[in-house]
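See structure below.
Basis for what follows: all heavy atoms, side chains included, without hydrogens, waters or symmetry-related copies. Below, chains carry the letters A, B, ... as their sequence lines are ordered, and counting in each starts from 1.
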Number of protein chains: 2
Amino acid sequence: MVRELISLTPDLDKQNKSPLYHQLYAYIRRQIEGGVLRENERLPSIRQLASHLNVSKNTVETAYQQLMAEGYIQSRLRSGIQVLPMEKLTLGGSGITSGAEPERGEHEGARRDEPDAIDFEYGDVDRERFPVKAWKKCLADALNDRFDEVYGYGERQGHFGLRNEIARYLYQSRGVVCSPGRIFLSAGTQQSVSLLCQLLPLADRVAMEEPGYNGVRAVFANHGREIVPIPLDEDGLRVDRLRMCGAKAVYVTPSHQFPSGIVMPVRRRAQLLQWAYESGGFILEDDYDSEFRYQGQPIPALKAMDAGDRVIYLGTFSKSFLPGARLSYMVLPESLARVYERQMQPYSQAVSPLIQTAVYLFMRGGGFEGHVRKMRTLYQSRHRTLIRSIQEYFGGRVGIIGQKSGIHLILDVYGRSAPELIDLASRHGVKVYSPAIHWTDPAQCPESYVLLGFAGVNEERIGEGIIRLRRAWFE
Amino acid sequence: MVRELISLTPDLDKQNKSPLYHQLYAYIRRQIEGGVLRENERLPSIRQLASHLNVSKNTVETAYQQLMAEGYIQSRLRSGIQVLPMEKLTLGGSGITSGAEPERGEHEGARRDEPDAIDFEYGDVDRERFPVKAWKKCLADALNDRFDEVYGYGERQGHFGLRNEIARYLYQSRGVVCSPGRIFLSAGTQQSVSLLCQLLPLADRVAMEEPGYNGVRAVFANHGREIVPIPLDEDGLRVDRLRMCGAKAVYVTPSHQFPSGIVMPVRRRAQLLQWAYESGGFILEDDYDSEFRYQGQPIPALKAMDAGDRVIYLGTFSKSFLPGARLSYMVLPESLARVYERQMQPYSQAVSPLIQTAVYLFMRGGGFEGHVRKMRTLYQSRHRTLIRSIQEYFGGRVGIIGQKSGIHLILDVYGRSAPELIDLASRHGVKVYSPAIHWTDPAQCPESYVLLGFAGVNEERIGEGIIRLRRAWFE
């Protein structure tokens with residue numbers, strides 16, 4: 001039963017200094033703690049309560065979110081907003097919040113409505129085999145043994161030892177030769193690109209793969225850059241079109257084009273470098289998931305071929321280690337490193353030294369390389385299972401795009417449209433996504449494309465997910 | 001004795017794929033581990049070795065830094081570069097590095113040469129009474145109980161519970177009423193300002209206090225903004241001059257002007273708000289150290305007076321809690337919050353969810369407010385000791401500027417010049433700084449000004465430091 005609205009009538013005071021959402025939150029919380037609202041009881045919808053109380057939906061939503069974060073209520077697809085059992089609550093010290101654990105579903109990007117949904121969200125990585133114990137030890141060691149190191153702002157360019165480990169890793173795994181002095185840490189690839197926008201003020205016009213990663217496109221746009229979309233052919237970015245466009249910088253993902261999955265062959269790489277040397281341009285190489293290649297020989301980074309020092313290498317720990325580390329880095333050409341040191345001299349490092357030192361200890365102890373090897377094997381199995389399940393259950397009704405490497409692929413579900421496919425999937429407890437946001441004009445994305453990330457889903461659930469999709473789409 | 005150069009002749013190979021610095025580093029390390037280079041033995045200077053080996057000074061420096069970071073050698077002012085005792089080394093697992101603890105002196109901003117120097121560096125905060133145990137527990141709890149929460153990218157705007165705690169704190173301590181929906185977390189105030197530059201593309205011209213915080217000036221400049229310096233009078237920023245300049249955004253530090261220490265009185269605040277309402281401009285209020293006020297009533301934030309919603313409030317945990325958290329936030333006006341949500345939609349949050357969740361737990365448990373109270377008392381004693389020592393030992397030979405609050409002050413050492421004062425201080429084991437970088441044209445800073453931060457120096461060392469300065473400057 002939904003609680004009658006009349007019983008939820010707090011005395012909200014717009015003159016009160018405490019904001020309305022907070023008054024409403026506190027009121028409902030008192031009702032729950034006082035037993036007026038009981039376990040499993042349903043609360044009115046946001047719209048209903050807002051209209052009943054004559055406040056904005058935003059006010060009600062904020063109050064509800066707060067109650068959810070504190071474990072007083074939960075939101076479920078079929079049962080609406082429900083009061084949680086009180087025994088789950090441990091009333092905390094500050095008086096206003098409880099010690100209850102917010103569920104994963106209440107956090108953005110997670111599954112608010114369907115806790116059992118199989119989510120093929122891109123960007124998820126495996127949680128089950130993450131070396132939690134080793135990572136905890138590294139954090140504890142950083143705090144215990146190196147407190148002076150993790151207390152202050154830290155080195156502007158980033159922890160020296162960590163940069164040194166990254167240099168070693170890049171040399172061994174990506175063929176990139178660089179000194180730690182050329183490595184600059186940042187709190188995510190988007191921050192790297194923002195810093196580059198500040199470094200390259202002359203590059204008013206930047207070129208990007210079309211389609212290409214929308215997260216970076218947004219950074220360029222927000223820095224006032226004119227973005228020239230460059231079409232792809234089967235070898236990736238069309239260098240002939242890049243030549244014509246007059247841009248002095250280009251953003252590319254040669255190891256595994258995002259989102260199309262194209263691996264740029266050596267010949268095209270050479271042409272791209274040639275463009276940079278002839279035009280004096282810079283290439284931003286985003287090597288976001290190169291660790292995960294399952295067929296043939298690993299291809300070195302474009303930066304490894306860059307005799308003329310025009311490639312800016314962008315690396316991240318988000319896919320290979322832990323998104324929650326928020327740790328990325330760039331390798332700058334000598335000329336830009338000098339500009340950086342001069343121009344960014346007053347900038348503090350954005351990554352917490354605690355995280356930096358812990359990752360340093362993890363890499364130094366050999367844990368990182370071992371982890372990448374383990375994840376490569378794991379994702380390879382998941383990749384194989386996904387491809388096989390698709391072939392088995394979908395047969396010729398879909399095409400698979402970009403399946404050579406990485407942790408995602410695109411399905412072309414012939415003759416269908418993404419909104420319909422996503423909706424049907426969702427009704428069957430599966431989340432898939434449209435890749436259209438990665439097109440400058442999303443309408444240009446073929447309607448029949450849906451994107452599946454698979455790194456965060458185990459093999460059993462991958463199989464189950466594809467069976468559900470078959471039911472959703474084809475039965 | 002300095003090791004004879006001839007004995008340090010590695011076979012450096014420029015054709016080798018391993019960089020020269022790394023070959024040199026590995027060579028010296030082998031010499032140390034093999035006992036060829038012995039404890040306390042002095043290594044040649046960077047210049048000498050570079051010229052001997054015919055490599056760049058940069059190559060030698062990088063190799064030396066690496067060896068220092070790993071605890072093989074140390075650098076001391078009077079004894080040069082020395083080999084450290086081998087028993088201190090625990091050879092680590094990865095084969096290339098050791099488990100030795102790098103000393104604080106090897107990190108940027110720390111005292112590379114003089115480990116006993118008393119450093120009045122601005123930005124340092126107290127380490128001695130930092131609640132290490134409670135902070136470790138919050139981090140451990142976040143990792144143990146909330147692993148799902150700290151694993152992924154986290155909420156784009158920042159952890160909801162943390163934003164809620166910040167909203168409560170701002171209301172109680174700064175009189176600012178805002179919902180968590182208006183709070184946006186960032187990895188430092190510079191990142192906040194960078195995001196604002198991306199949000200306010202129309203504000204080509206921004207006004208700043210002159211003098212004003214150089215860290216923010218650099219961000220504006222690197223985003224291509226024209227910066228209009230607005231002079232101060234005894235009440236802070238001259239609003240009459242702001243009116244004339246045509247800027248649509250102004251950056252101010254009304255609680256404690258940086259670096260001059262002026263506290264902006266209510267009348268001037270009202271004028272400043274009036275400017276914003278009349279011109280449709282935005283005020284960026286950086287409230288960086290408002291927790292530390294020692295005389296009179298606390299003054300609410302400018303944002304607390306902002307009925308017209310034109311103030312962007314910038315807060316940070318760097319001074320009040322831990323610089324190494326790299327955690328700041330902004331409170332956006334409703335209109336900008338909506339623009340942010342639209343324009344920054346593809347942006348990931350830059351602060352690690354681990355840090356966010358741990359700070360949330362710390363605040364929720366009441367630890368943060370207790371810590372701020374403790375630090376306020378502590379810094380008040382240090383402040384009093386500093387003022388008294390200056391009066392006692394320097395008498396009328398100096399003026400004190402901006403002593404009402406905060407964690408720094410400026411000394412006007414009549415008739416002397418900063419470079420001379422800094423050099424003399426350094427010879428007597430004290431570090432003081434010139435505030436000139438905070439002037440648009442550093443030459444405009446009165447030569448006789450030096451800046452002293454005192455939050456990171458205990459009372460005994462404050463007294464000792466001032467005695468040393470008396471010796472250095474006046475005897």
So, does [X] use its side chain to make a donor-acceptor pair with the main chain of [Y] at under 3.5 Å?
X        : Y        : result
B:Arg326 : A:Gln349 : yes
A:Gln190 : B:Ser348 : yes
A:Ser352 : B:Gly324 : yes
A:Asn222 : B:Gln343 : yes

Please give me the minimum heavy-atom distance between B:Tyr151 and A:Phe321, naming the atom from each residue.
OH-O, 4.3 Å
Heavy atoms of B:Pro346 and A:Ala218 approach each other most closely as CG-CB, 3.7 Å
Where does [X] contact chain A at under 4.5 Å (heavy atoms): side chain, backbone, both or neither?
X        : answer
B:Ala325 : backbone
B:Ala167 : side chain
B:Tyr21  : side chain
B:Thr62  : both
B:Val216 : neither
B:Leu143 : both
B:Leu139 : side chain

Segment of A:Asn144 engaging chain B (4.5 angstrom heavy-atom cut-off)
both
First locate atom [atom1] of [X], then atom [atom2] of [Y], and finally report the distance between them rounded to the nearest 0.5 Å.
X        : Y        : atom1 : atom2 : answer
B:Gln191 : A:Leu195 : CD    : CG    : 9.0 Å
A:Lys136 : B:Phe147 : NZ    : CZ    : 8.0 Å
A:Asp124 : B:Tyr153 : CG    : OH    : 9.0 Å
B:Tyr25  : A:Ser179 : OH    : OG    : 14.5 Å

Output the option from B:Arg163, B:Glu369, B:His223, B:Met344 having the highest count of non-hydrogen pairs under 4.5 Å with chain A.
B:His223
Ranked by heavy-atom pairs below 4.5 Å to chain A, first place among B:Leu199, B:Val125, B:Val150, B:Leu361 goes to B:Val125
Options A:Val132, A:Val219, A:Asn214, ranked by heavy-atom pairs under 4.5 Å with chain B, top entry
A:Val219
Between A:Gly188, A:Pro180, A:Gly181, which shows the greatest number of heavy-atom pairs under 4.5 Å with chain B?
A:Pro180
